[in-house]
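The structure under discussion appears below in the form of C-alpha cells.
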Amino acid sequence: MTRYAIRLALAAAAVSAAAAQTPTFAPPVRVKAGEAFLGGTRLFPSPVFHDIDGDGRQDIVVGDLMGRLTFARRVEGAGVPAYEAEAKVLDAKGEQVNLQNW
C-alpha cells in the first residue's frame with residue numbers, strides 16, 4: 001500500500017467512527033419566569049440570553065410571532081437559574097416595543 005492509500009484508509013476510518021457517534025441531549029425543560037412559564041401564552045416565543053442590566057447574569061429576552069418583546073431578569077437561585085416575572089420591553093414613550101411580526 002502506498003502512503004496515499006494508507007492516509008485515505010485512515011481518513012475513511014476516522015470519518016466512519018465520527019459518523020457512528022450519536023449525540024445525546026438532555027430532555028427539554030420549561031423555564032419559569034416568576035410563577036408562570038416563560039412565553040407561555042404567546043405564539044412562537046423565541047428566547048435569547050442577554051445581560052440586560054449589566055449584573056453579569058444572562059437574562060432572557062423573548063420575542064414572539066406578533067413582534068412583541070418581553071424580558072425576564074435572572075435572579076440568584078438555589079444553584080438553578082431562576083427568573084423574575086416577564087416584563088414588557090418599553091420604548092422611550094413608555095409603550096411596549098412591537099416589531100410588527102418580525
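What you see is a predicted model; the values in this text were computed from it and never measured. Worth knowing before you read on, the calculation uses all heavy atoms, side chains too, and leaves out hydrogens, waters and symmetry mates.
Salt bridge status for R42 with E86: present, with a side-chain N to carboxylate O gap under 4.0 Å. Electrostatic pairing of D55 and R57 counts as a salt bridge here, judged by a charged N lying under 4.0 Å from a carboxylate O.
Closest non-hydrogen pair, I60 versus P47, comes out as CG2-CB, 3.7 Å. In plain terms, the two heavy atoms of H50 and V61 that are nearest each other are CB-CG2, 4.3 Å. Residues A33 and A72 approach most closely at CB-CB, 4.0 Å, considering heavy atoms.
In this structure a side-chain-to-backbone donor-acceptor pair under 3.5 Å is missing from D91 to V97. Remark: the backbone N or O of L69 is paired with a side-chain donor or acceptor of Q96 at under 3.5 angstrom. Remark: the backbone N or O of R74 is paired with a side-chain donor or acceptor of D59 at under 3.5 angstrom.
The distance from atom NZ of K88 to atom OG1 of T70, rounded to the nearest 0.5 Å, is 10.0 Å. Of the inter-residue distances, the one linking E95 atom CD with L90 atom CG reads 9.0 Å to the nearest 0.5 angstrom. Interatomic distance, CG of L38 versus CZ of F71, reported as 12.0 Å (0.5 Å rounding).
With contacts defined as side-chain heavy-atom distances shorter than 4.5 Å, the pair V75/Y83 does not qualify. A 4.5 Å side-chain heavy-atom check between D64 and L43 finds every atom pair outside the cut-off.
Under a hydrophobic-cluster definition in which Ile, Leu, Val, Met, Phe, Trp and Tyr are linked whenever side-chain heavy atoms come within less than 4.5 Å, directly or via other members, F37 and V62 are assigned to different clusters.
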